[in-house]
Colleague: 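Before I ask anything, let me first share the structure, which is written out below as structure tokens.
When a residue number appears, it is its place in the shown sequence, counting from 1. Note: hydrogens, waters and symmetry copies are ignored here, and every other heavy atom, side chains too, is used.
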Amino acid sequence: MSLVRDLADQIVAAHSKADLCIPIPEFSLASPPPLIDNEHAADHYELAGMVAAIQMGFIECDAKTLGKAWSRMVHQDGGFNPFKWPSRPEHFDLLPWTRNMNPNAFAECPKRLGLYAVMPDADWVKRMVEAEVPTVQLRLKSEDKKLIHKQIIQAVDAVQGSKTLLFINDYWQEAIEADAYGIHLGQEDLETADLDAIRSAGLRLGLSTHGYAEMVYADRFCPSYIAMGAVFPTNLKKMATAPQGLGRLYKYAQLMNHYPLVAIGGIDESSIHAVAQSGVGSVAVVRAINGASDPKAAVKRLQELMKT
């Protein structure tokens with residue numbers, strides 16, 4: 001284990017100033033520390049990658065994914081170099097084929113979706129169309145099926161004849177019926193949504209991810225775009241993972257750059273330029289628009305700040 005520890009320490013030291021480390025949560029009986037699987041690891045490079053990732057504050061599933069990636073990188077690149085970081089699809093065993101070669105790929109969307117406004121109702125969707133926002137998501141939270149249906153119909157009507165692309169959050173059945181442009185789902189929705197029905201209807205599919213393990217899992221479905229976050233703290237949604245920060249976002253964007261990418265989570269005027277510099281083609285915002293005194297002016301300002 002001393003060799004593994006030495007390799008892990010080298011990795012951490014090499015990347016300690018790269019904004020990849022986040023504070024490690026306090027462990028308890030209810031929240032135990034991550035497990036290191038000594039028996040099933042391919043080699044000590046995998047173990048070292050896992051140990052280093054845990055020291056850097058990655059959650060257990062991401063640490064395991066990174067461990068395997070470190071092992072592949074060492075063997076593929078001809079040796080261990082702690083100053084490298086797994087960043088190529090083959091390091092993570094991502095699908096080797098292109099979208100055109102994958103019969104199960106979802107319909108394409110633009111590589112750069114631009115400013116992506118996540119709005120709570122159809123009235124806000126209409127306001128975003130008037131502000132010429134390139135991409136908008138209807139994120140409606142309701143148990144009222146009639147209201148959901150009505151709101152989705154109104155949102156789809158609002159973007160008709162415009163250049164604004166509309167994604168519906170969660171309600172995939174209603175989105176298909178309304179002939180929306182696309183659907184956005186969380187990882188938890190993949191087990192219950194009828195992906196074949198979404199694909200057959202020709203709707204685009206965006207998937208949320210919160211780290212390496214979820215990105216690798218999302219890749220199996222070949223979605224239209226991948227959302228990555230939360231980049232910064234946000235109160236709008238309870239997150240299972242800590243804010244990932246800019247350093248991790250830059251690594252995620254480098255790895256997944258064969259997809260249209262959306263950065264999301266706590267992004268505002270003070271951070272949107274740095275986020276856009278990561279290489280993502282889209283930045284999602286919520287309160288930076290609907291919490292502004294002049295939403296239309298906020299849209300214009302955010303779009304200016306996104307320019308690189």
Side-chain angles (χ1 to χ4, degrees), residues 59 61-62 64-65 89 92-113 116-119 125 135-143 145 148-149 151-153 155-156 159 164-230 237-241 252-253 255-265 280-282 284:
I59 60 174
C61 59
D62 288 343
K64 290 179 178 178
T65 301
F92 291 84
D93 205 22
L94 298 179
L95 296 179
W97 51 57
T98 65
R99 172 176 299 279
N100 293 336
M101 296 167 59
N102 185 353
N104 291 320
F106 283 84
E108 286 187 86
C109 67
K111 180 78 171 177
R112 304 186 70 83
L113 287 164
Y116 190 137
V118 181
M119 296 290 113
V125 170
T135 309
V136 64
Q137 180 186 130
L138 175 64
R139 183 189 282 174
L140 174 70
K141 299 300 178 183
S142 176
E143 299 295 326
K145 290 191 174 183
I148 292 167
H149 178 76
Q151 282 282 303
I152 290 175
I153 292 293
V156 170
V159 300
T164 300
L165 306 178
L166 172 67
F167 287 86
I168 305 298
N169 184 271
D170 289 346
Y171 305 116
W172 58 270
Q173 290 167 302
E174 292 84 353
I176 291 174
E177 292 170 6
D179 196 24
Y181 178 80
I183 295 168
H184 181 93
L185 297 177
Q187 294 268 321
E188 67 280 1
D189 301 312
L190 289 172
E191 295 182 7
T192 56
D194 188 339
L195 299 181
D196 289 334
I198 297 170
R199 188 186 298 107
S200 297
L203 273 68
R204 288 80 183 163
L205 175 67
L207 292 180
S208 293
T209 66
H210 307 92
Y212 281 112
E214 291 191 355
M215 285 189 291
V216 171
Y217 184 62
D219 180 67
R220 298 182 189 178
F221 302 94
C222 203
S224 308
Y225 75 76
I226 288 178
M228 303 181 297
K237 184 178 181 181
K238 189 174 181 180
M239 308 301 294
T241 55
Y252 298 160
L255 173 63
M256 307 303 290
N257 66 9
H258 50 295
Y259 278 100
L261 300 174
V262 179
I264 189 170
V280 298
S282 180

Colleague: Is there a side-chain contact between I168 and L166 (heavy atoms, below 4.5 Å)?
Modeller: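 In contact.
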Colleague: Counting C-beta onward and ignoring hydrogens, is there a side-chain heavy-atom pair between V280 and M228 closer than 4.5 Å?
Modeller: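 Yes, close enough: below the 4.5 Å cut-off.
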Colleague: What distance separates E214 CD from C61 SG, expressed to the nearest 0.5 Å?
Modeller: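 Result: 6.5 Å between the selected atoms.
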Colleague: Taking all non-hydrogen atoms of both residues, which atom of A218 and which atom of Q187 are closest, and how far apart?
Modeller: CB-NE2, 4.0 Å
Colleague: Between Y171 and H149, is the ring centre distance below 6.0 Å?
Modeller: no
Colleague: In the structure I gave you, are the side-chain heavy atoms of D219 and Y259 within less than 4.5 Å of one another anywhere?
Modeller: yes
Colleague: Within the structure provided, determine whether L185 and L195 are in side-chain contact (heavy-atom separation under 4.5 Å).
Modeller: yes
Colleague: Using the six-membered ring wherever Trp is involved, compare the ring planes of F167 and Y225 and label them parallel, tilted or perpendicular (cut-offs 30° and 60°).
Modeller: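 Perpendicular.
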Colleague: So do the side chains of L190 and Y217 get within less than 4.5 Å of each other, counting heavy atoms only?
Modeller: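 Sidechains of Y217 and L190: in contact.
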Colleague: Do you know which two heavy atoms are closest between C222 and R99, and how far apart they sit?
Modeller: O-NH1, 3.8 Å
Colleague: Would you indicate whether the side-chain heavy atoms of K141 and N169 approach each other to under 4.5 Å?
Modeller: yes
Colleague: Let me confirm one number: the CD1-CG distance from I183 to L207, rounded to the nearest 0.5 Å.
Modeller: 10.5 Å
Colleague: Might you point out which heavy atoms bring A284 and V118 nearest each other, and give the distance in Å?
Modeller: CB-CG2, 4.2 Å
Colleague: Nearest heavy-atom pair of A230 and G265: which atoms, and what distance?
Modeller: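 Heavy atoms only, the tightest pair is CB-CA, 4.0 Å.
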Colleague: Roughly how far, to the nearest 0.5 Å, is CG of L165 from OG of S224?
Modeller: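 So the OG of S224 and the CG of L165 are separated by 11.0 Å.
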Colleague: Looking only at non-hydrogen atoms, find the nearest pair between A180 and L203 and report the distance.
Modeller: O-CG, 3.3 Å
Colleague: Name the one of L95, I226, L94, T98 that satisfies side-chain contact (heavy atoms from CB on, under 4.5 Å) with H258?
Modeller: L94
Colleague: Keeping T135 on the side-chain end and L113 on the backbone end, is there a donor-acceptor pair under 3.5 Å?
Modeller: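 Between the backbone of L113 and the side chain of T135 there is a qualifying donor-acceptor contact (under 3.5 Å).
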Colleague: Between the side chain of D189 and the main-chain N/O of G186, is any donor-acceptor distance below 3.5 Å?
Modeller: yes
Colleague: Are any side-chain N or O atoms of R199 and backbone N or O atoms of N104, one a donor and one an acceptor, separated by less than 3.5 Å?
Modeller: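 Indeed, once roles are kept as given, a pair shorter than 3.5 Å links the two residues.
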Colleague: Tell me if a side-chain donor or acceptor on R204 pairs with a main-chain N or O of P223 at a distance below 3.5 Å.
Modeller: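 Flag not set: sc R204 to bb P223 has no pair under 3.5 Å.
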Colleague: So do the side chains of V159 and Y181 get within less than 4.5 Å of each other, counting heavy atoms only?
Modeller: no
Colleague: Quick check: are there more than 12 heavy atoms from other residues, nucleotides or ligands sitting under 6.0 Å from NZ of K145?
Modeller: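 It does not: K145 NZ has 12 such atoms or fewer within range.
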Colleague: Between CD1 of I198 and CG of L205, what distance do you get to the nearest 0.5 Å?
Modeller: 5.5 Å
Colleague: Atom CZ in R220, atom CG in N102: separation rounded to 0.5 Å?
Modeller: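 One gets 13.5 Å once the value is rounded to the nearest 0.5 Å.
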Colleague: What closest approach, in Å, do L140 and Q151 show between heavy atoms, and which atom pair accounts for it?
Modeller: CD2-CB, 3.7 Å
Colleague: With no hydrogens and no angle check, is any side-chain donor or acceptor of S142 less than 3.5 Å from a backbone partner on I148?
Modeller: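 Side chain of S142 to backbone of I148: no pair is present.
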Colleague: Between Q173 and D194, is there a side-chain heavy-atom distance shorter than 4.5 Å?
Modeller: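 A side-chain contact under 4.5 Å is absent here.
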Colleague: Could you state the interatomic distance from CE (M256) to CE (M215), rounded to the nearest 0.5 Å?
Modeller: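 Between atom CE of M256 and atom CE of M215 there are 6.0 Å.
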Colleague: Looking at A227, is its backbone amide N or carbonyl O close enough to the side chain of T209 to form a donor-acceptor pair, meaning the two atoms are under 3.5 Å apart?
Modeller: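 Yes, T209 side chain to A227 backbone: donor-acceptor pair under 3.5 Å.
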Colleague: Anything under 30° is parallel, anything over 60° is perpendicular, the rest tilted; go ahead and classify Y212 against Y252.
Modeller: perpendicular
